[in-house]
Amino acid sequence: MPHTETPGTEAAPATRLRWWTELPLIVLVYACYSAGRLVVRGDVSDAVDHGLAILRIEKALYLNAEHPLNRLFTREPWLGVPADFWYASLHYLVTPAVLVWLFRSRAVRYRAARTWLMTSTFIGLIGFTLLPTCPPRLLDASHGFVDTMAHYSSWGWWGGEASAPRGLGGMTNQYAAMPSLHVGWALWCGVVLWRYGNGSRLTRTAAVGYPLVTTIVVMGTANHYFLDAAAGAAVMGAGLLLTPVVMRYADRAKALFPPRSAPVAAGSSGTRSPVVSAGCQTSAGERFPRQRQHESRYGPGTEPDASPADAGEDAPAPAR
């Protein structure tokens, strides 16, 4: 069934969000995230040690989805090539598309969802800083992984060294694998589509299928371990819990800089009538003495037209 809201439970945003303020904000956050990934490049030997430690933990937990998926994608180009396109492209397309759709059709929900996405992204950046991790594709070949991005690089727009465009592989941090924000962002898209979509079978299928297929893709292309994907989901959960706190502090910061209101000129015409009561006030329904005289003389609703004296010396006399 379609997702419906109980009338009166949705509070309208205090200020209407505008696309020309939202777009620079999102671009700024993504630029900070991309620059942060480059700045936090860790030592390669530490990253390799962390990657091997993850493999040992998965072996102890009997988790080994990466090897069979990677062999399948390497052996079958009809699976491996679309998977590489999925990994290299869709997070650039689907996540912004869901943001735009949410902004246009679910404006009341947009700010919280956007804050959730941004908060989780910055938590992921902390993970890259504290735990640089070598992805499976960059481990020694003896560990049995094949870099499908390099294997099928002649089919796509990316280079053999990374999922970045050819010649720009050095502009990305290839050891920012833990957590997997490919999975985290896909999970965000799925939750948003499930909660705020039209409730159709197609929407629900996309909401479940997109994060699920993304998880399979990141492992089959040897870009992430299963635990990277699990950490990406955990980061999104932490971001969801922190979203109300972040929004509350953002509102407090915004209250420190209230918008300026334009002053109203005292003598401007058409804005406000001058006060002529000299401080005297009348209650609702009260009549002035002259009105009461006329009402008692003619009765309510039968008052005569205004006399020339009342209307002014230049007013024409009433017809007789």
Side-chain angles (χ1 to χ4, degrees), residues 30 34 37 51 58 63-101 117 124 133-139 141 143-169 171-174 176-194 197 200-233 236:
Y30 186 76
S34 300
R37 280 173 53 115
E58 290 190 356
L63 300 173
N64 187 26
E66 299 94 334
H67 278 104
L69 284 173
N70 184 239
R71 287 193 292 266
L72 178 64
F73 284 14
T74 304
R75 186 175 63 248
E76 303 293 343
W78 65 274
L79 286 174
V81 173
D84 285 340
F85 273 100
W86 186 293
Y87 181 84
S89 304
L90 285 195
H91 66 290
Y92 292 122
L93 302 175
V94 176
T95 310
V98 173
L99 268 175
V100 171
W101 166 77
L117 179 65
T133 303
C134 179
R137 64 184 179 85
L138 294 182
L139 291 176
H143 293 284
F145 291 104
V146 175
D147 185 353
T148 63
M149 302 292 292
H151 189 67
Y152 297 118
S153 61
S154 59
W155 294 72
W157 51 264
W158 57 88
E161 68 276 10
S163 60
R166 287 186 177 87
L168 298 180
M171 299 294 293
T172 183
N173 181 3
Q174 300 189 65
M178 169 64 83
S180 170
L181 287 186
H182 275 75
V183 173
W185 292 342
L187 180 61
W188 177 88
C189 293
V191 172
V192 168
L193 288 175
W194 183 277
S200 67
R201 181 175 297 179
L202 179 61
T203 304
R204 293 292 174 90
T205 302
V208 175
Y210 180 53
L212 180 60
V213 174
T214 299
T215 303
I216 295 173
V217 162
V218 300
M219 291 190 295
T221 57
N223 279 283
H224 290 282
Y225 308 95
F226 174 77
L227 290 182
D228 293 345
M236 298 309 295

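Along the sequence shown, the residues carry numbers beginning at 1.
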Before you tell me yes or no, could you show the steps for Leu90 and Thr214 under side-chain contact (heavy atoms from CB on, under 4.5 Å), namely the whole-Å CA-CA distance, both residues' side-chain angles and the distance that decides it to 0.1 Å? CA-CA 9 Å; Leu90 285 195; Thr214 299; over 6 Å; no
Any side-chain heavy-atom pair of Val192 and Trp101 under 4.5 Å: yes
With rounding to the nearest 0.5 angstrom, report the CZ to CZ distance, Arg71 to Phe145. 9.0 Å
Taking every non-hydrogen atom, the tightest pair across Met236 and Gly184: CG-O, 3.3 Å
Out of the candidates Val98, Leu99, Leu117, only one should pair with Cys189 under the side chain to side chain contact (heavy atoms under 4.5 Å, CB included) rule; please name it. Val98
How far apart are the closest heavy atoms of Pro136 and Ala222, and which atoms are they? CD-O, 3.5 Å
Let's go through Val213 and Trp86 carefully: what are the C-alpha distance in whole Å and the side-chain angles of both, what is the deciding distance for side-chain contact (heavy atoms from CB on, under 4.5 Å) to 0.1 Å, and is it a yes or a no? CA-CA 9 Å; Val213 174; Trp86 186 293; 3.5 Å; yes
Rounded at 0.5 Å granularity, tell me how far OH in Tyr92 sits from CH2 in Trp185. 7.5 Å
Side-chain contact, heavy-atom cut-off 4.5 Å: Asp147 with His151? no
Residue pair Gly124 / Pro179: nearest heavy atoms and the distance that separates them: O-CD, 3.8 Å
Heavy-atom side-chain proximity of Arg137 to Asn223 below 4.5 angstrom: yes
How are the rings of His91 and Tyr87 set relative to one another: parallel (under 30°), tilted (30 to 60°) or perpendicular (over 60°)? tilted
Tell me, yes or no, whether the heavy-atom count around Phe226 atom CZ, taken from other residues, nucleotides or ligands under 6.0 Å, exceeds 12. no
Return the minimal non-hydrogen interatomic distance between Ala229 and Thr215, and the atom names on each side. CB-CG2, 3.9 Å
Qualifying residues under ring-ring contact (aromatic ring centres under 6.0 Å, His included), relative to His143, sequence neighbours excluded: none
Spacing of Leu212 atom CG and Leu187 atom CG [to the nearest 0.5 Å]: 11.0 Å
Kindly compute the distance separating CD (Gln174) from OG1 (Thr133), expressed to the nearest 0.5 Å. 13.5 Å
Is a side-chain N or O of His224 found less than 3.5 angstrom from the main chain of Pro135, in a donor-acceptor match? no
What pair of heavy atoms forms the shortest contact from Tyr225 to Cys134, and how long is it? OH-O, 2.7 Å
Look up atom CG in Leu227 and atom CE in Met219, then write down how far apart they are to the nearest 0.5 Å. 10.0 Å
Closest non-hydrogen atom pair, Leu69 against Gly220: CB-CA, 3.7 Å
Test item: Asp228 and Val218 side chains (from C-beta on) under 4.5 Å apart, heavy atoms: no
Using the side-chain contact (heavy atoms from CB on, under 4.5 Å) rule, take Val146 and Phe73 through it: C-alpha gap first, then chi angles, then the decisive distance, then the call. CA-CA 9 Å; Val146 175; Phe73 284 14; over 6 Å; no
Nearest 0.5 angstrom please: Glu66 CD to Thr221 OG1, how far? 11.0 Å
